[in-house]
Amino acid sequence: MSEQPFKSELLKTLQARGYIHQITHPAELDAAAAAGPVTAYIGFDATAPSLHVGHLFSIMTLRRLQQSGHKPIVLMGGGTTKVGDPTDKDQQRPLLDDEQIATNIASIKGTFERFLTFGDGPTDAVMVNNADWLDRFGYVAFLREFGVHFTINRMLSFESVKLRLEREQPMTFLEFNYMLMQSVDFLELERRLGCLLQMGGSDQWGNIVNGVELIRRVDQKPAFGLTTPLLATASGQKMGKTVGGAIWLNAELRSAYDYWQFWRNTEDADVGRFLRLFTDLPLEEIARLESLSGAEINEAKKVLAGAATRLLHGAQAAETAARAAEAAFEQGRLSSDLPTVEVNAAELEAGVMLAALAQAAGLTASRGEARRLAQGGGLRVNDQPEPDANRTVTSADLVDGVVKLAAGKKKIVLVRPV
RNA sequence: GGGGGAAUGUCCCGAGCGGCAAAGGGGGCGGACUGUAAAUCCGCUGGCGUACGCCUUCGUAGGUUCGAGUCCUACUUCCCCCA
């Protein structure tokens, strides 16, 4: 994105903090945003019961929008999830039924409430579900109303479609319709709520442009699209998959401690960028933190972890996580703030096989994995590497009332008899 | 409608004369070195058992064989060519 002197608070902020990849009509959008509150939306799938770190980019974009005095709409894809977005997928994904989708949406909702203020005010966020309108269309009605505005020629030229065709992978007609549905979403939101901006990841560019053009053609109204850069770490890894799976945003799937650790382990080269994107810290402060070098940059990582965790899990959880980390990593002592797993006291008295205990504590997926880990020197009991996962752990191993188990240096669990 | 090909370790890509828990990558995890970083090097990467071992895996269902990812039959899905 070339440097442009934006006038609106919104675009100035988004640009300064690194949110902009492409904009359909930069000057027009800038003028609209400078003139008054703009209503904008981002769509989210309902394929899982929780969002993950990959979605955070979009959530934060909506947050910036609201902070700049505009109105965010969270669009839940209750209707489109039933079709499945083919973008960036190399194969069709399993179709979910209405009940699963409703459950997922309910489970996801709380996350947004952490980042956005919902309500009825002019800049309050609202959540809508596209099943509300998509489900009501009959096939013929849908085709007659919207099908005439899309040409196959154009749809075939889209990156996501070309990719499938080139790789000789099937793309069903159902999936092919996804982009129509997403365009209709935008049109529907424009009509219902006066929404004139759709945002999303850069992979959504094609889908977004379609919606923009549909509105401009059918309603002769201004409409804009804005995409954010693809989020990857400085070393090119896709973000969100680290220590054993996805970094979920729901606390019951991924503890605040883990979340804090995720940010703490950011690569040096990413610290500044992540601070700008995922925290509310002022830019001058970030510039200072970013300029730290060598081991000092660890201070910036702690600030990042603290601020990011505070946003999602609250100040107290962030504080607790920071304290636990400090105790475990910097002072090498136990802290009751570390994640704790309870075991039956009588069983521990009798002795439990270490491999079984590691599995029960969630450190490994199976006993076999625990054994392999132990052989490789990665399993620790009370900070002592334990090569034999078949040994039994008993109450004799209790130190200050707990047994400290660690898989590697970062995954630590306290086992407490109850 | 006819002909030819393909589906492999449930993260991905991919080799596999009938003896295979199945080559090799990538990714992930662990160790060393560091700063809870990156880069580099090393190890691990189906489940269960303390163990000689047992069980489950190569699109699905059958069959041939002492033995099948490998051969045969049917089915499913996909690709290519001809109509």
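Nothing here was measured: the structure is a model prediction, and the numbers come from that model. Labels below follow one simple rule: chain letters A, B, ... track the order of the sequence lines, proteins then strands, and each chain is numbered from 1.
Residue-to-nucleotide contacts include a donor-acceptor pair under 3.5 Å from the side chain of A:Q261 to the base of B:U36.
Between the side chains of A:Q67 and A:R64, at least one donor-acceptor pair of N or O atoms lies under 3.5 Å. A donor-acceptor pair shorter than 3.5 Å can be found between the side chains of A:D30 and A:S8. A side-chain donor from one of A:Q182 and A:Q204 sits under 3.5 Å from a side-chain acceptor of the other.
Here A:R371 reaches the OP1 or OP2 of B:G49: one of its side-chain N or O atoms lies under 4.0 Å away. OP1 or OP2 of B:A32 lies within a sub-4.0 Å distance of a side-chain N or O belonging to A:K409.
Figure legend. B:U64 is base-paired to no nucleotide; pairs are counted as Watson-Crick or G-U wobble with both atom distances under 3.5 Å. When both distances must be under 3.5 Å, the Watson-Crick or G-U wobble mate of B:G69 does not exist.
Rounded to a whole angstrom, the distance from the C1' atom of B:U8 to that of B:G1 is 32 Å. Taking the P atom of each, B:G63 and B:G27 are spaced 43 Å apart, rounded to whole Å.
Across the protein-nucleic acid pair, A:Q359 atom CD and B:C29 atom C1' stand 16 Å apart, rounded to whole Å. Distance CD (A:E369) to P (B:G31): 13 Å, rounded to an integer number of Å.
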